[in-house]
There are 2 protein chains.
Amino acid sequence: MSKQELVVLGQDGADGCCPGLLTTPLGEERAVELAKVFKALGDPVRLRLLSMIASREGGEVCVCDLTPAFDLSQPTISHHLKLLRQAGLIDCERRGTWVYYWLLPETTDKLAGLLTRPGQPAEASS
Amino acid sequence: MSKQELVVLGQDGADGCCPGLLTTPLGEERAVELAKVFKALGDPVRLRLLSMIASREGGEVCVCDLTPAFDLSQPTISHHLKLLRQAGLIDCERRGTWVYYWLLPETTDKLAGLLTRPGQPAEASS
DNA sequence: CCTCTATGTTGACGAACTTCGAAGCAGGAT
DNA sequence: ATCCTGCTTCGAAGTTCGTCAACATAGAGG
């Protein structure tokens, strides 16, 4: 299932290794890589999907719990989930009849780190 | 100059007022608003522009310093800068012959906060 | 085996995006 | 006023994206 070519956000982010977006000019290859992840977040449907998955109590959501929240066909939801998966933001597994999705926090952590300025702790909101 | 309809990232983010992306399901309107900002970041050219602007010593960059870094026409760079500006990520001002751009850190701070999980400080990288 | 349900994949189409050249505008210099 | 330079806006071409209907697949249960 999770045999998609993921976007791997190289060395960086929360582990405090490599330059953040806001401190050092971004190289072209790295920009391309990063843009894929941000592009995945650049759609309202995908943002809501990610949010629904991330905020789920047990950490896992079945597709059948996601689809009814939208006025979209199931294939469209499936398509958006695939893009989020390819961006390395979520992963999934089939369990019997259903497929469960969960957040990959490393990726969001790295994005948050990249967008954080040196002096700014940027504690989680709420 | 800065009379663009900015995307205003409502109440949220670093000020710890409203739910982060990862803790509470996102409302539709808010998702649309947020998606515009992420979409602005979803292009390699714009990411590099933002990075170049943000990491500049004095905090300001002239367009003429940005353009040579790309294999793109000046109108194209101008277009991307406009999108970043409409997303509320940067602003600009004309001074004599040149136009200077600078980062609006409130917006990146808010994004970082939204992507940060409750337990995770997400200190700036590098 | 066959059928039913839950998901993913394919192909197609309109909308949106990226890019360019050409034209427009604002200021400084002549 | 006239020209030149720096930048933005306009209009068009090519590409990518979001969406759906139709089809394919995986597993459960007869």
Side-chain angles (χ1 to χ4, degrees), chain A residues 1-7 28 31-32 35-50 52-53 60-87 89-102, chain B residues 1-5 7 28 31-32 34-50 52-53 60-87 89-102:
Chain A
M1 194 106 234
S2 17
K3 299 181 180 170
Q4 299 285 147
E5 1 120 34
L6 296 196
V7 170
E28 186 160 8
V32 170
K36 287 181 194 160
V37 185
F38 280 120
K39 190 178 296 183
L41 295 173
D43 180 279
V45 176
R46 288 195 291 271
L47 269 183
R48 288 179 62 203
L49 283 170
L50 186 76
M52 290 172 76
I53 293 171
E60 293 185 339
V61 200
C62 170
V63 176
C64 57
D65 289 335
L66 297 170
T67 310
F70 300 86
D71 269 347
L72 295 170
S73 66
Q74 182 264 329
T76 299
I77 301 296
S78 190
H79 168 69
H80 285 305
L81 288 170
K82 184 182 185 178
L83 292 187
L84 285 173
R85 193 148 42 90
Q86 290 178 330
L89 287 160
I90 59 176
D91 201 0
C92 67
E93 183 186 16
R94 175 168 217 125
R95 226 128 61 209
T97 309
W98 295 276
V99 176
Y100 294 90
Y101 282 82
W102 59 85
Chain B
M1 193 103 232
S2 17
K3 297 183 180 168
Q4 300 284 148
E5 0 121 31
V7 170
E28 186 159 8
V32 170
L34 254 178
K36 286 182 197 160
V37 185
F38 281 119
K39 188 177 295 183
L41 294 173
D43 180 278
V45 176
R46 289 195 291 271
L47 269 184
R48 289 179 61 203
L49 282 170
L50 185 76
M52 291 172 75
I53 294 170
E60 293 184 340
V61 200
C62 170
V63 178
C64 58
D65 288 335
L66 297 170
T67 311
F70 300 86
D71 268 347
L72 295 170
S73 67
Q74 202 207 14
T76 300
I77 300 297
S78 190
H79 167 70
H80 285 304
L81 287 170
K82 184 181 183 178
L83 292 187
L84 286 172
R85 192 149 43 91
Q86 289 175 331
L89 287 160
I90 58 176
D91 200 1
C92 67
E93 182 187 18
R94 174 169 216 122
R95 227 131 57 213
T97 309
W98 296 277
V99 176
Y100 293 89
Y101 281 82
W102 57 86

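In what follows, chains carry the letters A, B, and so on, assigned in the order in which the sequence lines appear, proteins first and then strands, with residues in each chain numbered from 1. For clarity, every value in this text was computed on a predicted model and none was experimentally measured.
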Rounded distance in Å - [atom1] ([X]) to [atom2] ([N]):
X	N	atom1	atom2	result
A:L41	D:dG18	CG	P	12 Å
B:Y100	C:dG27	OH	P	14 Å
A:K82	D:dT19	NZ	P	16 Å
A:E93	C:dG8	CD	P	13 Å
B:W98	C:dC25	CH2	C1'	17 Å
A:L81	D:dT19	CG	P	12 Å
A:L49	D:dT19	CG	P	10 Å
A:L47	D:dG18	CG	P	12 Å

Using C1' atoms of five pairs at each end, report the bend of the helix from C:dC1-D:dG30 to C:dT30-D:dA1 rounded to 10 degrees. 10°
Taking all non-hydrogen atoms of both residues, which atom of B:L72 and which atom of B:T67 are closest, and how far apart? O-CG2, 4.5 Å
Is the side chain of A:R46 donor-acceptor paired with the backbone N or O of B:A35 at a distance under 3.5 Å, no angle test? no
Donor-acceptor check, side chain of B:R94 to backbone of B:G96, threshold 3.5 angstrom: yes or no? yes
Protein-proximity profile, nucleotides 12-20 of chain C, B/S/- by nucleotide at the 4.0 Å heavy-atom cutoff, equals -----SSBB
Nucleic acid footprint by protein, nucleotides 24-30 of chain D - heavy-atom cut-off 4.0 Å, B for base, S for sugar-phosphate alone: --BSS--
Please list, chain by chain and in numerical order, all residues satisfying side chain to side chain contact (heavy atoms under 4.5 Å, CB included) with [X], sequence neighbours excluded.
X	answer
A:C62	A:C64, A:D65, A:W98, A:Y100
B:K36	B:V7, B:V32
B:W102	B:E60, B:D91, B:E93, B:L104

Side chain to side chain donor-acceptor pair (under 3.5 Å) with [X]: which residues, sequence neighbours excluded?
X	result
B:R48	none
B:S73	B:T76
B:Q74	none
A:H79	none

Could you tell me whether the phosphate oxygens of C:dG8, OP1 or OP2, come under 4.0 Å of any side-chain nitrogen or oxygen in A:Y101? yes
If a pair satisfies salt bridge (Lys or Arg N to Asp or Glu O under 4.0 Å) and one of its residues is in residues 68-81 of chain B, list it, with sequence neighbours excluded. none
